[in-house]
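Have a look at the structure below, then the notes.
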Amino acid sequence: QVQLVESGGGLVQAGGSLRLSCAASGRTFSNYAMGWFRQAPGKEREFVSAITWSGGRTSYADSVKGRFTISRDNAKNTVYLQMNSLKPEDTAIYYCAADSNPSILTTMRGFGFDSWGRGTQVTVSS
């Protein structure tokens, strides 16, 4: 499995921006599809975004579409989540995840991820 460490979380006012980073180590990063998930207090973890190994295809949850952008730099073994126009309802712990056996049918819908980071807290104040 690949090891994942998230960073970049913090406290921001509504309408502000944050960029999350996820550094990977342990395996060949470019073999993995990558994703971001989040879990708000009292709620189940939900899919946010995913990106294929090449970065050529991305997907987003409807709740973040048009505001969040996922990207990756395989030379740096890092995946990013640029979050703009943040809302209080975006408050959650954000988790980075890797899919070692990606499939367009599942990965882009948030299924099949088998390695997880420990998360980074994002808090959006109103």
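Within the model, atoms CE of Met34 and CG of Asn77 stand 9.5 Å from one another, a figure rounded to the nearest 0.5 Å. Annotation: the span from Thr120 atom OG1 to Ile93 atom CD1 amounts to 9.0 Å, rounded to 0.5 Å. A distance of 9.5 Å separates NZ of Lys65 from OG1 of Thr58, quoted to the nearest 0.5 Å. Note that CG of Asn84 is 6.5 Å distant from OG1 of Thr69, once rounded to the nearest 0.5 Å.
Taking every heavy atom of both residues into account, Ser115 and Leu4 meet most closely at O-CD1, 3.6 Å. In terms of heavy-atom proximity, Phe29 sits nearest to Ala24 at CD1-CB, 3.3 Å. Pairing each heavy atom of Ala98 with each of Tyr32, the nearest pair is CB-CD2, 3.7 Å. Nearest heavy-atom pair across Ile104 and Arg57 is CG2-NH1, 3.2 Å. For the pair Ala97 and Phe37, the tightest heavy-atom approach, listed with the atom from each and the gap, is CB-CE1, 3.9 Å. A pairwise comparison of heavy atoms in Thr78 and Lys76 identifies OG1-O, 2.8 Å as the closest pair.
No donor-acceptor pair under 3.5 Å is formed between the side chain of Glu6 and the backbone N or O of Cys22. Checked by atom type and distance alone, the side chain of Arg109 never pairs as donor or acceptor with a backbone atom of Ser59 at under 3.5 Å.
Within 6.0 Å of CH2 on Trp53 lie no more than 12 heavy atoms contributed by other residues, nucleotides or ligands.
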Under 3.5 Å, sequence neighbours excluded: what are the donor-acceptor pairs made by side chains of residues 39-47?
residue	atom	partner	partner atom	Å
Gln39	NE2	Lys43	O	3.0
Glu46	OE2	Arg38	NE	2.5
Glu46	OE2	Arg38	NH2	3.1

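Side chains of Ser17 and Gln82 form a contact here, defined as non-hydrogen atoms less than 4.5 Å apart. When side chains are defined from C-beta on, Tyr80 counts as touching Asp73, because their heavy atoms get closer than 4.5 Å. In this structure, Thr91 and Gln121 have side chains that are in contact, with non-hydrogen atoms separated by less than 4.5 Å.
Qualifying side chain to side chain donor-acceptor pair (under 3.5 Å) partners for Thr107, counting only residues two or more places apart in sequence or in other chains: Asp99.
The hydrophobic cluster containing Val2 also contains Ile70, counting ILVMFWY residues as joined when their side-chain heavy atoms lie under 4.5 angstrom apart, directly or transitively. Hydrophobic clustering, with ILVMFWY side chains joined whenever heavy atoms are under 4.5 angstrom apart, keeps Val79 apart from Met108. In the hydrophobic clustering of this structure, Tyr60 does not group with Tyr95; members are Ile, Leu, Val, Met, Phe, Trp, Tyr whose side-chain heavy atoms approach within less than 4.5 Å, directly or through other members.
For the pair Lys87 and Asp90, the salt-bridge criterion is not met [side-chain N within less than 4.0 Å of a carboxylate O].
Considering Val64, Val48, Leu20, Val12 in turn, Leu20 is the only one that fulfils the side chain to side chain contact (heavy atoms under 4.5 Å, CB included) rule with Met83.
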### Task
Take Trp36 and Phe68 through the test ring pair (Phe, Tyr, Trp, His ring centres under 6.0 Å) and record every step on the way to the result.
CA-CA 11 Å; Trp36 287 95; Phe68 291 10; 9.9 Å; no
